[in-house]
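Comments concern the structure below.
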Protein chains: 2
Amino acid sequence: MKDPLSDLVGYALRRASSAMMEDMAKRMGALGLRTSEASVLMLIRANPGITQSDLCRALGIQRANMAPLIARMEARKLVARSRSDGRSFGLAVTEAGEELAASARRVSDEQDSGLLAIVPPEHRAHLLPALSALWRADQSSSGQ
Amino acid sequence: MKDPLSDLVGYALRRASSAMMEDMAKRMGALGLRTSEASVLMLIRANPGITQSDLCRALGIQRANMAPLIARMEARKLVARSRSDGRSFGLAVTEAGEELAASARRVSDEQDSGLLAIVPPEHRAHLLPALSALWRADQSSSGQ
DNA sequence: CTGGATTGCTATATTCAATAGCATAAAAGG
DNA sequence: CCTTTTATGCTATTGAATATAGCAATCCAG
């Protein structure tokens with residue numbers, strides 16, 4: 001069968017990402033986390049006191065979608081909110097959240113090692129720089 | 001702000017892919033196509049007579065999701081079905097479908113050039129091989 | 001000919017993400 | 001000080017991609 005798509009970087013990017021995300025969902029699911037929750041949790045852990053809006057900007061998530069996400073994690077006592085501003089909260093991980101965030105970080109690192117192991121050695125070092133350039137360049141469209 | 005995620009290949013892959021897909025959706029939307037429809041159309045064009053199941057296997061899409069997708073495109077007279085087997089159809093693009101597929105291909109190529117232009121020259125040639133390795137290796141989970 | 005596999009399909013659920021709109025609060029400018 | 005603009009968190013809704021379960025018809029192999 002002819003495959004006119006396999007020489008497209010965009011297509012390979014899409015397939016690679018969806019395969020990775022499926023695997024990630026499985027791994028984080030074992031911790032009781034969604035992929036989006038895992039990244040939020042890790043980012044809060046690294047930046048105690050961060051606001052939801054800052055999280056949104058860092059992760060490229062809409063404010064509207066962040067709200068229920070944080071609400072779920074607060075209900076599970078993974079993160080705590082403390083008023084910092086009349087309208088915004090400072091977020092921090094709880095003890096349980098800290099443990100879970102550490103596990104999530106471990107899982108992420110494991111997956112990353114697995115990913116790099118799959119990539120032929122001569123291409124390995126180029127992958128992260130290339131991908132980083134791709135998404136950082138696109139802040140024009142996702143900007144604001 | 002600390003960003004514990006930016007050194008993860010998996011995270012960069014996710015962000016790069018979602019930025020690219022957003023751009024792709026915009027480009028294909030201008031042609032009246034969804035991204036999934038565009039790839040299906042291009043694949044049918046390259047393989048006249050292909051069945052839905054074969055398409056599914058090639059693109060990693062579930063049969064259940066392919067059905068309404070093909071139905072939409074048939075309703076728009078972009079693809080035609082001819083019974084080939086008591087249970088399956090051979091798919092082919094119509095004249096209108098051929099034109100649209102050609103446009104979609106052109107758009108994909110344009111996007112791909114844009115993507116590669118963003119990647120620093122020294123990493124450029126490594127991107128497609130690395131990504132291909134990543135998603136082709138994962139056929140264990142998406143297999144069958 | 002019978003049982004298993006394949007195909008196309010419906011129905012449904014999940015996840016992520018986008019938009020529109022809103023109330024409150026802060027910041028900026030006169 | 002007052003008004004306008006911006007920022008924040010939130011609700012509600014929508015769209016798209018994807019996953020599963022199940023079904024009827026058909027094909028195929030023992």
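The model shown is predicted, which means the values in this text are computed figures rather than measured ones. Lettering follows sequence order; numbering is per chain, from 1.
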Residues passing the salt bridge (charged side-chain N to carboxylate O under 4.0 Å, His left out) test with A:Asp85, sequence neighbours excluded, are A:Arg87

Using the side chain to side chain contact (heavy atoms under 4.5 Å, CB included) rule, take B:Val107 and B:Leu33 through it: C-alpha gap first, then chi angles, then the decisive distance, then the call. CA-CA 11 Å; B:Val107 164; B:Leu33 288 175; over 6 Å; no

Measure CD1/B:Ile61 against P/D:dT20 and give the value in whole Å, please. 15 Å

Roughly, in whole Å, what's the span from CD in A:Gln62 to P in D:dT13? 19 Å

Assign A:Ala64 to base, sugar-phosphate, or nothing according to its heavy-atom contacts below 4.0 angstrom with the strands shown. base

How would you label the contact of A:Gln52 with the nucleic acid (heavy atoms, under 4.0 Å): base, sugar-phosphate, or nothing? sugar-phosphate

Touch class at under 4.0 angstrom, heavy-atom based, for B:Thr35 against every strand present: sugar-phosphate

For B:Ser18, which contact category applies under a 4.0 Å heavy-atom criterion: base, sugar-phosphate, or nothing? nothing

Give me the one residue out of A:Val119, A:Leu116, A:Leu13 that meets side-chain contact (heavy atoms from CB on, under 4.5 Å) with B:Leu134. A:Val119

Could you give the CE-to-P distance, from A:Met73 to D:dG9, as a whole number of Å? 14 Å

Is there a side-chain contact between B:Ser36 and the phosphate of D:dA16, meaning an N or O under 4.0 Å from OP1 or OP2? no

Report which part of the nucleic acid A:Arg14 touches: base, sugar-phosphate, or nothing (heavy-atom distance under 4.0 Å, all strands). nothing

Whole-Å gap separating P (D:dA17) and CG (B:Leu33): 11 Å

Report the distance from atom CD1 of A:Ile70 to atom P of D:dC10, rounded to the nearest whole Å. 9 Å

Just how far, in rounded Å, is P of D:dT8 from CD1 of A:Ile50? 12 Å

Measure from CE on A:Met66 to C1' on D:dT11 and round the result to the nearest Å. 17 Å

Taking for each residue the nucleotide of DNA chain C bearing the nearest heavy atom, is the 5' side occupied by A:Arg34 or by B:Ser88? B:Ser88

Does anyone know the first and last nucleotide of DNA chain C in reach of chain B, 5' to 3', at under 4.0 angstrom to a heavy atom? C:dT6 to C:dA18

With salt bridge (charged side-chain N to carboxylate O under 4.0 Å, His left out) as the test, would you mind laying out the steps for A:Arg57 and A:Asp54 before giving the verdict? CA-CA 5 Å; A:Arg57 274 181 288 268; A:Asp54 285 337; 2.9 Å; yes

Worked check of side chain to side chain contact (heavy atoms under 4.5 Å, CB included) between A:Ile118 and B:Trp135: CA-CA 9 Å; A:Ile118 292 173; B:Trp135 77 260; over 6 Å; no

ring-ring contact (aromatic ring centres under 6.0 Å, His included) involving A:His123 - partner list, sequence neighbours excluded: B:His126

With B:Gln111 as reference, evaluate B:Arg106, B:Met20, B:Met28 under the side-chain contact (heavy atoms from CB on, under 4.5 Å) test and give the passing residue. B:Met20

Of the residues in residues 1-10 of chain A, which ones touch DNA chain C at a heavy-atom distance under 4.0 Å? none

With sequence neighbours excluded, what pairs up with B:Arg72 under the side-chain hydrogen bond (donor to acceptor under 3.5 Å, both in side chains) test? B:Glu37

Evaluate the side chain to side chain contact (heavy atoms under 4.5 Å, CB included) criterion for residues B:Ile61 and B:Leu55: first the C-alpha distance (whole Å), next the side-chain angles of each, then the deciding distance (0.1 Å), finally the verdict. CA-CA 8 Å; B:Ile61 295 178; B:Leu55 272 179; over 6 Å; no

In whole Å, I'd like the distance from the CG atom of A:Asp54 to the C1' atom of D:dG9. 13 Å

Strictly distance-based, threshold 3.5 Å: is any side-chain N or O of A:Thr51 a donor or acceptor partner for the main-chain N or O of A:Phe89? no

Side chain to side chain, A:Leu128 and B:Leu8, heavy atoms closer than 4.5 Å: no

What N/O pairs connect the protein and nucleotides 23-30 of chain D at under 3.5 Å? Give each pair on its own line.
| from | atom 1 | to | atom 2 | distance (Å) |
| --- | --- | --- | --- | --- |
| D:dC27 | OP1 | B:Gly86 | N | 2.7 |

Between A:Leu131 and B:Leu127, is any pair of side-chain heavy atoms under 4.5 Å apart? yes

